[in-house]
Amino acid sequence: MSEPATEPSAPTDRPDGAEEVDPLTFLPADEPVHLVDADGTYHEDPDHPLDLTDEQLRELYRLMVVTRKVDREAINLQRQGQLGVYASCMGQEAAQVGSAYALGTDDWIFPSYRELGAALVRDVDAAGLLHLYRGTWLSDHDPYKHNFALMAIPIGTQALHATGFAMGARFDGKPIVAMTYFGDGGTSEGDPHEAMTFAGVMKSPVIFFVQNNQYAISVPLAKQTAAPTLAHKAIGYGLPGRRCDGNDVLATYAVTKRAVERARAGHGPTFIEAMTYRMEAHTTSDDPSRYRTKEELDAAALTDPLARMRNYLTKRDLYDAELEAAIDEQAKATATYVRAGIYDAPHGDPMELFDHVYTDPRGHFEDQVEQLRAELEGAGDAEGQG
Amino acid sequence: MAVTMAQAINQALKDAMSADDRVLMFGEDVGRLGGVFRVTDGLQEMFGEERCFDTPLAESGIIGTAIGLAMYGYRPIAEMQFDGFTYPAFEQIVSHLAKMPNRSRGTVKLPVTVRIPFGGGIGAVEHHSESPEAYWAHTAGLKVFTPGTPEDGYSMMRESIESDDPVIFLEPKRRYWMKSDQQLPVTTQPAREAVVRREGTDVSVFCYGPMVRTALEAADAAADEGWSLEIVDLRSLAPLDTASIVASVKRTGRAIVVHEAARNLGLGAEIAARIQEGAFYHLEAPVLRATGFDTPYPPAKLEEYWLPDVDRILDAVERSLAY
Ligand SMILES: Cc1ncc(C[n+]2csc(CCOP(=O)(O)OP(=O)(O)O)c2C)c(N)n1
């Protein structure tokens, strides 16, 4: 079965007001959308035309390289004791960068903890984000500045925030789309399912972007679901379920772009499953040798998203030594900036613990504020004496 | 003309929605039906389906989308149909609604009001009579309000909706039909201030929500015995008005906390601790509690044995006075 040329959105004459569409069009195609082979060969797909300029194609690659570099820097910082823990997105750069790149600047992203690549597309200060992992503060970025919500750690919960936000955009009559990321493990949690139920019924302009990186910590996909694919779940909520090669940045871009257009046109949500692979450990605290083999990892490395895009650009004569040098320099500069922001970064004033709990804190903890102040002064005095 | 607690809250919702078109009301059966207790009656007709709407039957979804709507700029009021059905939303309330403003260092505000009909005494089937207030009061980032009178039902609901902090608004369901002659709108004291409903000299009785009326009845009965009870309606369970609590105990020297919720780690434990810290030398007796038992909420035919009532309060008064 192949996907229809345009996403279904027929007007209704059903008594309950629901859309009359052939439900089978909600099923994913047999094969994930794939536009570029590992060697860079491009396959035209009339359902997923490319509307990117040469400059944008180069930018997609640049964003992936910067992501990988900053990601590596974060792992190094953790090894040096500068971060408590870090969840790498290595291997998932195409899934994140391509999808985030398909959004407009007014659109919102509701990420999980692994979305460094999506954050960099939105120009979020990566050092600010990494404070979550350093433990200096729970986050240090203003979601409203880049339309990038706080990274959610409780699995799948952010899907509901995105859906509510998208409901709001629709009530408000604004053409804003919300996209949320979660993992294959996340599709087993309740919240994404409630989110898809709400989004389907309310026709919310929201995109559920699942990075199927094959593992939830150590648990492989086969133990997560008996569904033929994750995208098959979508039909149960009246959403189109789409699949793409998650290591093909042009495919993740094109499939998301189509979902964005559908949402913006008022036709509601889409579920996208991007097939990818988590090249690193789940987090720096994890030991993947306990559950996956070197052979498996070696095989996955052959599908590397950066090499693929570089091969594509080279074939198109869009890549040369000069570009390579410029991109490397930028990646290094961003990594250096992040290192400078994180390395030995002091924690904030402990008194700030009380500052943001309530907008009106009266009556909640005045005595505790005084207690901590006294404890800090006591500690200061003791230091002074010593 | 008399107004019931349910009508007073309904009027507060209407007035708030008229005053600010960012206020939304949603939940299970709140639209066409007007809510199982009719608290949202007429809202959908007045404000349309985009401002008062029925959601799919999913409590985590209701709170999670309320958070997203609040991030967008709305002021959502979410109804949990019954106390016992708030638990599916526990994670969204505790991990996100309560924490997100703090996690974001104040850049995200979540002016969400969660309405929950709570408590027993109406002969309901199981899961429809719970008192989960301690969970919410224990959670930093939430305010927890519960009205004991129709006036407070109106005024505290308006205050909740206007609050930029998330509020868990516990509606004492057995008092939905309690009447007052008060004209609406009415503005009572800020919720964070406890109110002395009846002055007394022998024992302070701290109560809230459904137990305010019960405690007042106990005060009448106590008067026949020659005991003078001071009835303090706490109104807000988070924050607690420690100063008013302590001041009352300093006047009477004795304290009893009354709540429907089970005793173990209920609000009574916290209030007793605060009284001992704030009025230790004024205490003539230990702080006692008249509460539900540490068992699951009982079947309807047994709830009269489980719930605190006038007798259980008077028994506590007698024990306190015996010291
Ligand atoms: C509700 C919840 N349960 C458990 C965890 C612990 N945990 C953190 S990440 C993770 C696996 C998530 O896997 P997946 O959704 O596939 O995303 P990935 O980490 O692969 O990006 C688990 C179990 C959690 N954070 N939240």
Side-chain angles (χ1 to χ4, degrees), chain A residues 108 110 132 137-145 149-154 157-172 174 176 178 180 189-191 193-202 204 206 348 352-367, chain B residues 22 24 26 50-51 53-74 76 88-89 91-92 94-96 98-111 140-143 163-166 190-193 236 238-243 274 277:
Chain A
W108 269 69
F110 291 77
L132 171 69
W137 197 255
L138 301 173
S139 89
D140 197 21
H141 87 279
D142 176 353
Y144 292 96
K145 206 163 144 197
L150 302 185
M151 292 182 158
I153 291 182
T157 51
Q158 68 277 16
L160 281 166
H161 309 156
T163 302
F165 196 94
M167 282 161 59
R170 198 177 149 235
F171 294 156
D172 195 29
K174 296 269 160 59
I176 297 172
T180 180
E189 289 280 8
D191 279 1
H193 294 270
E194 296 195 12
M196 288 190 273
T197 297
F198 272 62
V201 170
M202 312 259 181
S204 314
V206 56
E352 196 187 333
L353 287 175
F354 297 103
D355 283 356
H356 316 296
V357 185
Y358 298 97
T359 59
D360 178 3
R362 280 176 294 178
H364 281 282
F365 37 51
E366 282 92 346
D367 55 336
Chain B
R22 295 170 304 165
L24 307 176
F26 52 91
E50 288 203 339
R51 295 195 55 207
F53 54 92
D54 292 324
T55 64
L57 206 170
E59 289 76 12
S60 191
I62 293 168
I63 301 300
T65 53
I67 291 168
L69 283 159
M71 288 180 75
Y72 188 89
Y74 285 95
E91 183 181 37
Q92 284 291 344
V94 170
S95 295
H96 291 297
K99 286 185 178 166
M100 200 182 287
N102 183 60
R103 292 178 65 219
S104 72
R105 301 179 96 173
T107 56
V108 175
K109 294 199 181 14
L110 296 179
L142 302 176
K143 294 190 183 274
S163 164
D164 277 341
D165 295 312
R192 65 174 185 282
E193 292 175 12
S236 167
L240 270 176
D241 184 355
T242 311
R274 292 194 190 200
E277 283 178 46

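This is a predicted model, so every value here is computed, not measured. Chain letters run A, B, ... following the sequence lines, proteins first, then strands; residues in each count from 1.
Qualifying salt bridge (charged side-chain N to carboxylate O under 4.0 Å, His left out) partners for A/D172, counting only residues two or more places apart in sequence or in other chains: A/K174. By the salt bridge (charged side-chain N to carboxylate O under 4.0 Å, His left out) test, B/R274 is found to be paired with B/E270, residues two or more places apart in sequence or in another chain being considered.
Counting heavy-atom pairs under 4.5 Å between each of B/I62, B/I63, B/L24 and chain A puts B/I62 at the top. For the options A/Y144, A/W137, A/F365, heavy-atom pairs under 4.5 Å to chain B are most numerous at A/W137. With chain B as partner, the option from A/L132, A/D360, A/D355, A/T197 having the largest number of non-hydrogen pairs under 4.5 angstrom is A/D360. Contact tally against chain B (heavy-atom pairs below 4.5 Å) for A/T163, A/I153, A/V201, A/D191: the top residue is A/D191. Your options are A/P143, A/A178, A/A169, and the one with the most heavy-atom pairs under 4.5 Å with chain B is A/A169. Highest contact tally toward chain A, considering only B/G141, B/A98, B/A66, B/P190, is held by B/G141 [criterion: heavy-atom pairs under 4.5 Å]. Ranked by non-hydrogen atom pairs under 4.5 Å with chain B, the options A/T157, A/I176, A/V357, A/D142 are led by A/T157.
For chain A, the nearby parts of B/S104 are the backbone and the side chain; heavy atoms of each come within less than 4.5 Å. Looking at B/E59, only its backbone comes within 4.5 Å of chain A, counting heavy atoms on both sides. Proximity to chain A (any heavy atom under 4.5 Å) is shown, for B/K99, by neither the backbone nor the side chain. The part of B/L142 that comes within reach of chain A is its backbone (N, CA, C, O), which places non-hydrogen atoms under 4.5 angstrom from that chain. Of the atoms belonging to B/E50, heavy atoms from both backbone and side chain fall under 4.5 Å from chain A. For B/L57, no part lies near chain A; criterion is any non-hydrogen pair under 4.5 Å.
Considering CG of A/L150 and CE of B/M71, their distance stands at 6.5 Å, rounded to 0.5 Å.
The closest donor-acceptor contact from the side chain of A/R362 to the backbone of B/R192 lies at 3.5 Å or more, if one exists at all. A donor-acceptor contact shorter than 3.5 Å links the side chain of B/R103 to the backbone of A/M151.
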Practice problem: Applying side-chain contact (heavy atoms from CB on, under 4.5 Å), run through A/M167 and B/Y74 and close with a yes or a no. | Solution: CA-CA 10 Å; A/M167 282 161 59; B/Y74 285 95; over 6 Å; no
One pair to check against side-chain contact (heavy atoms from CB on, under 4.5 Å): A/Q158 and B/H96. What are the steps and the verdict? CA-CA 9 Å; A/Q158 68 277 16; B/H96 291 297; over 6 Å; no
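A side-chain donor-acceptor contact under 3.5 Å links A/H161 and B/Q92.
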